[in-house]
S.K.: 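Take a look at the following structure, please.
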Amino acid sequence: MSNNINKVSAKSPLWDLGVHKYSKIFKLESGKKLRNLEIAYQTYGTLNAKKDNVIWACHALTANADVLDWWKGLFGAKDLFNPEEHFIVCANVLGSNYGTTNPLSVNPVTGQPYYLAFPEFTIRDLAAIHQILADHLGIKTVKTLIGGSLGGQQALEWSISGKTEIENLILVATNAAHSPWGIAFNESQRLAIATDRTFFANKPDGGYKGLKTARSIALLSYRTYEAYNETQLESVNDKVTDFRASSYQNYQGEKLCKRFNAYSYWYLSKAMDSHNVGRGRKSIADALKLVKANTLVIGIENDVLFPITEQQFLAKHIVDAQFASIKCAYGHDGFLIETDKLTNIIGNFLKENASKNKKVIKLQHTA
Ligand SMILES: CC(=O)SCCNC(=O)CCNC(=O)[C@H](O)C(C)(C)COP(=O)(O)OP(=O)(O)OC[C@H]1O[C@@H](n2cnc3c(N)ncnc32)[C@H](O)[C@@H]1OP(=O)(O)O
Ligand SMILES: N[C@@H](CCO)C(=O)O
């Protein structure tokens, strides 16, 4: 975790730790139990007296709690979501190797790391853990909850649970249920990991080569044909081997292996597969009607992993939701990169809603 925790702690006496040790047993959606749950999180800025300036960010598959690092341009000192005005919270998700309880944590029952004995978990479990952290921090209202991709899945589930008041909900490049296409991509990545026999050896770098291949596969769903043409096209026509695109796939695979591990990747990709807001509820559309927040759904026009039809579906079924799309040659990963466009769209949406809310309050007052 980054040093920001200490910097923030020094400024704010309210948060002296970046890890919340949950004292109860955490019951997963599956019914399985997890003891000694630890939630690593980062906060930036100060919670105001009214406790109404909370911006809560949910991260995607391989990021961490340091949202000012991975979502720069949207989150930062001079950005739309800044610690001067807002109290920004970001929690590392269950299963991730950036501080929250994960497959390499010690299982208190055996005294050994879990590895593949870690229980499977769902997006709904991740949402329940955000709730635990909000309770711990004394947060009852979130001004703006935002997430992209797997982060958007969590934000949506948390909003549907209705346990914390969410004023504004921003869903980016995400969906109501993970698609057969998305699950197939994730399964292909897990197949790659499982072909690496070291994955079953229970050591921290187990499945390293498998993870490298998995990231290479995943990248094809995060980028586009155009993006590869733009960045990896050869400048000469006489090559028959050693292509730039090949080197790029290798590089990206290795880059992830240096900061992540195959066990976290395995479990988190399964959590993504589990996402379906309709599970145990009347239908997906009915579940979406439970969202009470002012909602903005943003899609990326050439996203092949979470196609824009999925965000249009969300916007159609969430009551009074607004929809916007952005163009980005990158495709899906554009949600991490196109921060100027996101700032513009989200900034306008929040301004509009602030004036709408003011109008409502004024009307109630004069009535
Ligand atoms: C501790 C941490 O880092 S955790 C937090 C960081 N990660 C996250 O938050 C997860 C989400 N982020 C991401 O998925 C990514 O960072 C993204 C999508 C935002 C950007 O992806 P990037 O990999 O930076 O961009 P892109 O796909 O353009 O690749 C550029 C990299 O590939 C390298 N590259 C480009 N072409 C080639 C090639 N032909 N051969 C080899 N390497 C190449 C570049 O040199 C560059 O390397 P660098 O990352 O070491 O600077
Ligand atoms: N590129 C993202 C996954 C896509 O949502 C990540 O590595 O977290």
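Order of listing sets the numbers, starting from 1, for every ligand and every atom in it.
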S.K.: Taking the side chain from Glu85 and the backbone from Phe81, do they hold a donor-acceptor pair closer than 3.5 Å?
M.R.: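 A pair under 3.5 Å: no.
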
S.K.: Can you list the atoms of ligand 2 that are under 4.0 Å from a heavy atom of His332?
M.R.: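 This gives 4 (C), 5 (O) as the contact atoms.
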
S.K.: Is it true that, when you exclude Lys209 itself, more than 12 heavy atoms of the residues, nucleotides or ligands shown sit nearer than 6.0 Å to its NZ?
M.R.: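 Check fails, neighbour count at 12 or below.
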
S.K.: For the pair Lys140 and Glu167, find out whether any cationic side-chain nitrogen is under 4.0 Å from an anionic carboxylate oxygen.
M.R.: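 So Lys140 does not pair with Glu167 through a salt bridge.
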
S.K.: Which protein heavy atom lies closest to atom 5 (O) of ligand 2, and at what distance to 0.1 Å?
M.R.: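 Its nearest protein heavy-atom neighbour is Ser149 OG, 2.8 Å.
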
S.K.: Taking 4.0 Å as the limit for heavy-atom contacts, which would you say applies to His59 with ligand 2: side chain only, backbone only, both, or neither?
M.R.: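 It is neither part, as no heavy atom is under 4.0 Å.
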
S.K.: With atoms numbered from 1 as shown, which atoms in ligand 2 lie under 4.0 angstrom from a non-hydrogen atom of Phe335?
M.R.: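 Result: 5 (O).
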
S.K.: Using heavy-atom distances only, which candidate in Asn64, Leu61, Val67 approaches atom 5 (C) of ligand 1 most closely?
M.R.: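 It is Asn64 that holds the nearest heavy atom.
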
S.K.: Between Trp266 and Phe199, is the ring centre distance below 6.0 Å?
M.R.: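 Aromatic pair counts; centres sit under 6.0 Å.
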
S.K.: Between Lys32 and Asp125, is there a side-chain N and carboxylate O pair less than 4.0 Å apart?
M.R.: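 No.
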
S.K.: More than 12 non-hydrogen atoms from neighbouring residues, nucleotides or ligands closer than 6.0 Å to CZ on Arg279, yes or no?
M.R.: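 Yes - once you tally the heavy atoms of other residues, nucleotides and ligands closer than 6.0 Å, there are more than 12.
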
S.K.: Tell me if the OH atom of Tyr225 is crowded by more than 12 foreign heavy atoms within 6.0 Å.
M.R.: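 No, because the 6.0 Å sphere around OH of Tyr225 holds 12 heavy atoms or fewer from other groups.
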
S.K.: So which of Gln249, Gln252, Gln232 gets nearest to atom 32 (O) of ligand 1, if we judge by its closest heavy atom?
M.R.: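 Comparing heavy atoms across Gln249, Gln252, Gln232, the nearest one to atom 32 (O) of ligand 1 lies in Gln252.
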
S.K.: Show the numbers, then the answer: is there a side chain to side chain contact (heavy atoms under 4.5 Å, CB included) between Tyr222 and Tyr330?
M.R.: CA-CA 7 Å; Tyr222 302 157; Tyr330 255 86; over 6 Å; no

S.K.: Check if Thr231 has a non-hydrogen atom at a distance under 4.0 Å from any atom of ligand 1.
M.R.: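 Thr231: no contact with ligand 1 (<4.0 Å).
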
S.K.: How does His332 reach ligand 1, by side chain, by backbone, by both or by neither, if only non-hydrogen atoms under 4.0 Å count?
M.R.: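 Neither; nothing of His332 gets under 4.0 Å from ligand 1.
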
S.K.: How far is atom 2 (C) of ligand 1 from the closest protein heavy atom, and which atom is that?
M.R.: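 Nearest neighbour among protein heavy atoms for atom 2 (C) of ligand 1, to 0.1 Å: Arg259 CD, 3.7 Å.
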
S.K.: Could you tell me whether Arg215 and ligand 2 have an N or O pair separated by under 3.5 Å?
M.R.: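 Between Arg215 and ligand 2, an N or O pair is found under 3.5 Å apart.
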
S.K.: Give the residue and atom name of whichever protein heavy atom lies nearest to atom 1 (C) of ligand 1, and the separation in Å to one decimal.
M.R.: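 Going by distance alone, atom 1 (C) of ligand 1 is nearest to Tyr98 OH, 3.9 Å.
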
S.K.: Counting heavy atoms only, name the option from Phe335, Tyr248, Tyr251, Tyr330 that's nearest to atom 44 (C) of ligand 1.
M.R.: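 Ranked by closest heavy atom to atom 44 (C) of ligand 1, first place is Tyr251.
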
S.K.: Which atoms of ligand 1 are found less than 4.0 Å from any heavy atom of Trp70?
M.R.: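 Those qualifying, in numeric order: 9 (O).
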
S.K.: When you check the gap from the basic side-chain N to the acidic O, do Lys239 and Asp242 get nearer than 4.0 Å?
M.R.: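 No, Lys239 and Asp242 are not salt-bridged.
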
S.K.: Hey, does the side chain of Gln311 reach the backbone of Thr174 with a donor-acceptor pair shorter than 3.5 angstrom?
M.R.: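 Yes: the side chain of Gln311 pairs with the backbone of Thr174.
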
S.K.: What residue and atom, counting heavy atoms only, is the protein's closest point to atom 18 (C) of ligand 1, and at what distance?
M.R.: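 Checking every protein heavy atom, the shortest distance to atom 18 (C) of ligand 1 gives Asp333 OD2, 3.1 Å.
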
S.K.: If you measure every N/O of Asp333 against every N/O of ligand 2, is any gap under 3.5 Å?
M.R.: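 N/O-N/O distance under 3.5 Å: yes.
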
S.K.: May I ask you to list the atoms of ligand 1 that are less than 4.0 angstrom from any heavy atom of Thr62?
M.R.: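 Ligand 1 atoms under the 4.0 Å threshold to Thr62: 10 (C).
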
S.K.: Tell me which protein heavy atom sits closest to atom 8 (O) of ligand 2, plus the residue, atom name and distance to 0.1 Å.
M.R.: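 Checking every protein heavy atom, the shortest distance to atom 8 (O) of ligand 2 gives Thr62 N, 2.9 Å.
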
S.K.: Would you call Arg215 a ligand 1 contact, heavy-atom distance under 4.0 Å?
M.R.: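 Heavy atoms of Arg215 do come under 4.0 Å of ligand 1.
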
S.K.: Examine Tyr263 together with Tyr114 and report whether their ring centres are nearer than 6.0 Å.
M.R.: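 Between Tyr263 and Tyr114, the centre distance exceeds or equals 6.0 Å.
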
S.K.: Does His20 form a side chain to side chain donor-acceptor pair (under 3.5 Å) with Glu38? I'd like the steps, not just the answer.
M.R.: CA-CA 6 Å; His20 171 46; Glu38 294 191 350; over 6 Å; no

S.K.: So with a 6.0 Å cut-off around NZ of Lys327, is the heavy-atom count from everything else above 12?
M.R.: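 No, not enclosed.
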
S.K.: Scan the protein's non-hydrogen atoms and note whether one is under 4.0 Å from atom 15 (C) of ligand 1.
M.R.: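 Flag for atom 15 (C) of ligand 1 set to false, no protein heavy atom closer than 4.0 Å.
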
S.K.: May I ask you to identify the nearest protein heavy atom to atom 41 (C) of ligand 1, giving residue, atom name and distance to one decimal place in Å?
M.R.: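 Of every protein heavy atom, Ser247 OG, 3.1 Å lies nearest to atom 41 (C) of ligand 1.
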
S.K.: Please state whether Arg223 comes within less than 4.0 angstrom of ligand 1, counting heavy atoms only.
M.R.: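 In this structure, Arg223 qualifies as a contact of ligand 1 - some heavy atom is under 4.0 Å.
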
S.K.: If you measure every N/O of Arg244 against every N/O of ligand 1, is any gap under 3.5 Å?
M.R.: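 The answer is yes, given that Arg244 and ligand 1 share an N or O pair closer than 3.5 Å.
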
S.K.: Below 3.5 angstrom, do we get any N/O pair linking Asp69 and ligand 1?
M.R.: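 No.
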
S.K.: Nearest protein heavy atom to atom 24 (O) of ligand 1, by residue and atom, and its distance?
M.R.: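 Here the nearest protein heavy atom works out to Lys255 NZ, 3.3 Å.
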
S.K.: Could you give the distance from OG1 (Thr339) to CG (Leu74), rounded to the nearest 0.5 Å?
M.R.: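 With rounding to 0.5 Å, OG1 (Thr339) is 7.0 Å from CG (Leu74).
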
S.K.: Inspect the contact between Asp333 and Arg223 and indicate whether a charged nitrogen and a carboxylate oxygen are less than 4.0 angstrom apart.
M.R.: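 A salt bridge is present here (some side-chain N lies under 4.0 Å from a carboxylate O).
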
S.K.: Which atoms of ligand 2 are found less than 4.0 Å from any heavy atom of Leu61?
M.R.: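 Under 4.0 Å from Leu61, ligand 2 has these atoms: 8 (O).
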
S.K.: Can you tell me the protein heavy atom closest to atom 12 (N) of ligand 1 and the distance?
M.R.: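 Atom 12 (N) of ligand 1 sits closest to the protein heavy atom Leu336 CD1, 3.6 Å.
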
S.K.: Looking at atom 21 (O) of ligand 1, would you say a protein heavy atom lies below 4.0 Å from it?
M.R.: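 Within 4.0 Å of atom 21 (O) of ligand 1, protein heavy atoms are found.
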
S.K.: For the aromatic rings, using the six-membered ring if either is Trp, is the centroid distance between His178 and Phe306 under 6.0 Å?
M.R.: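 Distance test on ring centres: under 6.0 Å, yes.
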
